[in-house]
Asks: 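Dumping the structure here so I can ask a few things about it.
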Amino acid sequence: RRQDVDHFWKTGELDPESNVQFGEGGAGAFSDGKLTTRSRDPLVDELLETLHAHGATPDILVDAYPHIGTDAFEAIIQSIRRRILELGGEIRFGARLEEVKIEDDRLTAINVNGRWEPCQALILALGHSASDTLRQLHEDGIHMESKPFQVGVRIEHPQRFINEAMLHDFKDDPRLIPARYTLTAMADNGKGIYTFCMCPGGYVIASSAQPGQLVVNGMSYADRAGENANSALLVQVNESDYGPGLFDGLAYQEEIEKRAFALSPDYRAPVQKAADYLEGVVSESLSTRPTYEPGTVPADLNTLFSDEVNHALHQGLLDFERKVPGFLEGTMTGVETRASSAIRIPRDKVTRMGDEGIYPSGEGSGYAGGIMTSAIDGVKSARALMDRYAPCAQSDTE
Ligand SMILES: Cc1cc2nc3c(=O)[nH]c(=O)nc-3n(C[C@H](O)[C@H](O)[C@H](O)COP(=O)(O)OP(=O)(O)OC[C@H]3O[C@@H](n4cnc5c(N)ncnc54)[C@H](O)[C@@H]3O)c2cc1C
């Protein structure tokens, strides 16, 4: 998977089955590894301990903003895999869930790589990008609903600039780590604009999973020593933007990604200085050098979004410039459309099942959004499954 992702970043040749979103460790494997969460669930500490036991730095147990870094995940995920195997688990690489069979509202079988197998209990943790699987599972009878999500861009500034803006006289203090920021604004059309998943000393990365669709995201290595800081700059969208149909949100998301791809063949990403985006002119030069590979093309990002989204982004940027003078010198890279799932799979609060036998879990279920909340959600589904099938076994297991 590492090789496939590196190949994509170097050449723009995407493997739709093995990329930043799909493969062992999921999107988390190439994530930035910020473990901050607003959840106060007691499982948070347990999960941080688990990550530490599998090789994450002990700092995550005490830091206010725990961070792992993309480079550290590979070993952690391999260690978790070994533990699963030791405990008797089986891992089938290259296994693709294609269909499910639901009879009398109850799961009876799953189709993996074209072969049907009987199945009574399925933890369905597809992440937020498996749109083809979601569409098929809906056809097979799984209940789903659409939910609001966000669209926008990544914005980059030199980390030196962010340090100056946030730390002032302490900008060069060696005791401090690279500065972070969070900015929010409300546009007069009622849309919220906010920065999200800020990566100090990080990189903007190509994280497409579908051919012909361009998606960007951000990450940093454990040392956060990159020249630039990046952050998602997002606007909330809902049914009034894309329509009431179940898959209207997904289609809207895909349309923006296709438009971005059309501007930038071979997965080069469209870029624009924020100040030029406000003026609607293609940038002749950029103040902040973009970090995105496999390369960038100058474009007017206004052409990618609806008037409402552009209006909100414009107002948000002007507000952020007032708060952080110089913010408009940042480079915007399009498009960031996969900050959360466009679909929710409803489930019972107690049994955690949707349709009988199906445990929708993690980010793709629509109930989680990030590493920690997805992990908490997964553990809770696993425990609900154990309650049902082996209630006595829980005290003997990890
Ligand atoms: C670049 C990047 C940076 C991020 N940074 C952060 C961060 O700093 N902090 C944070 O909290 N979150 C971050 N995230 C988000 C975080 O990674 C996700 O919220 C989290 O991984 C969701 O976990 P999940 O297990 O629910 O889904 P995923 O991690 O998306 O895993 C889904 C899995 O399902 C598999 N799958 C999909 N379809 C099928 C099928 N049909 N058959 C079989 N398997 C299938 C996929 O291959 C994948 O392994 C980042 C994401 C990205 C892409």
Side-chain angles (χ1 to χ4, degrees), residues 1 4-5 9 15-39 44 47-48 51 60 65-70 72-73 77 80-81 91-100 110-114 122-137 140 142 149 154 180 196-200 202-210 215-222 224 230-232 292 336-341 343 345 359-382:
R1 187 171 176 214
D4 294 335
V5 170
W9 287 351
D15 180 341
E17 301 295 329
S18 174
N19 48 57
V20 168
Q21 306 289 343
F22 298 155
E24 185 186 29
F30 286 90
S31 76
D32 183 45
K34 283 180 288 297
L35 305 177
T36 32
T37 170
R38 268 172 290 173
S39 169
V44 169
L47 287 164
L48 291 175
L51 284 166
I60 63 166
Y65 298 102
H67 172 246
I68 290 189
T70 309
F73 269 114
I77 285 162
I80 293 174
R81 178 212 300 166
I91 295 169
R92 298 196 213 164
F93 288 107
R96 189 178 207 282
L97 174 74
E98 288 177 355
E99 282 178 80
V100 296
I110 57 174
N111 185 321
V112 178
N113 294 348
L122 174 72
I123 293 189
L124 191 64
L126 298 170
H128 58 33
S129 282
S131 22
D132 52 349
T133 307
L134 280 174
R135 286 187 168 101
Q136 181 58 49
L137 296 187
D140 296 343
I142 292 189
F149 57 98
R154 274 273 148 183
R180 44 192 288 288
F196 174 72
C197 186
M198 194 254 159
C199 303
Y203 301 86
V204 177
I205 61 166
S207 51
S208 297
Q210 281 86 12
V215 183
V216 304
N217 209 310
M219 62 85 164
S220 64
Y221 295 116
R224 285 182 157 167
N230 71 67
S231 178
Y292 177 97
E336 179 133 353
T337 41
R338 303 275 171 158
S340 73
S341 177
I343 294 287
I345 307 181
Y359 296 78
S361 305
E363 185 146 20
S365 69
Y367 292 97
I371 297 168
M372 293 304 284
T373 49
S374 300
I376 292 168
D377 202 62
V379 170
K380 288 186 173 170
S381 291

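Just follow the structure's listing: the first ligand is 1, and inside any ligand the first atom is 1. Owing to the predicted nature of the structure, the values given are computational and were not obtained by experimental measurement.
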Asks: Please list, in number order, the atoms of ligand 1 under 4.0 Å from a heavy atom of Gly28.
Replies: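 Listed by number with element, the hits are 17 (O), 21 (O), 29 (O).
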Asks: As an exercise, identify every atom of ligand 1 less than 4.0 angstrom from a heavy atom of Ile205.
Replies: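 This gives 1 (C) as the contact atoms.
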Asks: Check whether any side-chain heavy atom of Phe30 sits under 4.5 Å from a side-chain heavy atom of Met219, and report yes or no.
Replies: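 Phe30 vs Met219: side chains apart.
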Asks: Does only the side chain of Ser31 get under 4.0 Å from ligand 1, or the backbone, or both, or neither? Count heavy atoms.
Replies: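 Both of them.
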Asks: As a check for students: among Asp32, Asn217, Ile371, identify the option with a heavy atom nearest to atom 12 (N) of ligand 1.
Replies: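 Selected option, by shortest heavy-atom distance: Ile371.
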Asks: What part of Ser361, side chain, backbone, both or neither, has a heavy atom within less than 4.0 angstrom of ligand 1?
Replies: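 For Ser361, no heavy atom sits under 4.0 Å from ligand 1.
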Asks: As an exercise, identify every atom of ligand 1 less than 4.0 angstrom from a heavy atom of Phe22.
Replies: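 Numbered from 1, ligand 1 contributes 46 (C), 47 (O).
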Asks: Does one side chain, of Asp132 or Gln136, offer a donor that lies under 3.5 Å from an acceptor on the other?
Replies: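 Absent: no donor and acceptor within the cut-off.
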Asks: Quick check on atom 25 (O) of ligand 1 - does any protein heavy atom sit closer than 4.0 Å to it?
Replies: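 Flag for atom 25 (O) of ligand 1 set to false, no protein heavy atom closer than 4.0 Å.
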Asks: For the residue pair Lys34 and Cys199, establish whether any side-chain heavy-atom pair is separated by less than 4.5 Å.
Replies: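 Lys34 vs Cys199: side chains touch.
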Asks: Could you tell me if the side chain of Thr373 sits less than 4.5 Å from the side chain of Arg38, heavy atoms only?
Replies: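 A side-chain contact is absent here, since even the closest heavy-atom pair is not under 4.5 Å.
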Asks: Non-hydrogen atoms of Ser207 versus ligand 1: any pair closer than 4.0 Å?
Replies: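 No, Ser207 has no heavy atoms under 4.0 Å from ligand 1.
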Asks: Select the closest option to atom 36 (N) of ligand 1 among Leu124, Thr36, Leu126, judged by heavy-atom distance.
Replies: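 Minimum heavy-atom distance to atom 36 (N) of ligand 1 goes to Leu126.
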Asks: Should the pair Arg154 and Tyr292 be classed as cation-pi, given the thresholds of under 6.0 Å to the six-membered ring centre and 45° from the axis?
Replies: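 No, cation not above the ring by the 6.0 Å, 45° rule.
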Asks: Does even one non-hydrogen atom of Gln21 get within less than 4.0 Å of ligand 1?
Replies: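 Contact check Gln21 vs ligand 1: positive.
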Asks: Would you call the rings of Tyr203 and Tyr221 parallel, tilted or perpendicular if under 30° counts as parallel and over 60° as perpendicular?
Replies: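 The arrangement is tilted - the two ring planes meet at 30° to 60°.
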Asks: Check for me whether Gly218 has a heavy atom closer than 4.0 Å to any atom of ligand 1.
Replies: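 Contact check Gly218 vs ligand 1: positive.
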Asks: Could you grab the distance from atom OG of Ser361 to atom NZ of Lys380, nearest 0.5 Å is fine?
Replies: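 The OG atom of Ser361 sits 11.5 Å away from the NZ atom of Lys380.
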Asks: Could you find the nearest protein heavy atom to atom 15 (C) of ligand 1 and give me its residue, atom name and distance?
Replies: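 Sorting protein heavy atoms by distance from atom 15 (C) of ligand 1 puts Glu363 OE1, 4.2 Å first.
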Asks: Kindly say whether Asp15 contributes a backbone atom to a donor-acceptor pair with the side chain of Asn19 at under 3.5 angstrom?
Replies: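 Here the side-chain-to-backbone pair exists.
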Asks: Any idea which part of Asp377 is under 4.0 Å from ligand 1, heavy-atom wise: side chain, backbone, both or neither?
Replies: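 Under 4.0 Å from ligand 1, Asp377 contributes no heavy atoms.
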Asks: Should you measure from each heavy atom of Ala125, which atoms of ligand 1 turn up under 4.0 Å away?
Replies: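 Numbered from 1, ligand 1 contributes 32 (C), 33 (C), 34 (O).
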Asks: Hey, does His128 have a side-chain heavy atom less than 4.5 Å from the side chain of Ser374?
Replies: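 SC-SC contact between Ser374 and His128 ruled out.
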Asks: For atom 7 (C) of ligand 1, which of Lys34, Glu24, Glu98, Arg1 has the closest heavy atom?
Replies: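 Nearest option to atom 7 (C) of ligand 1, by heavy atoms: Lys34.
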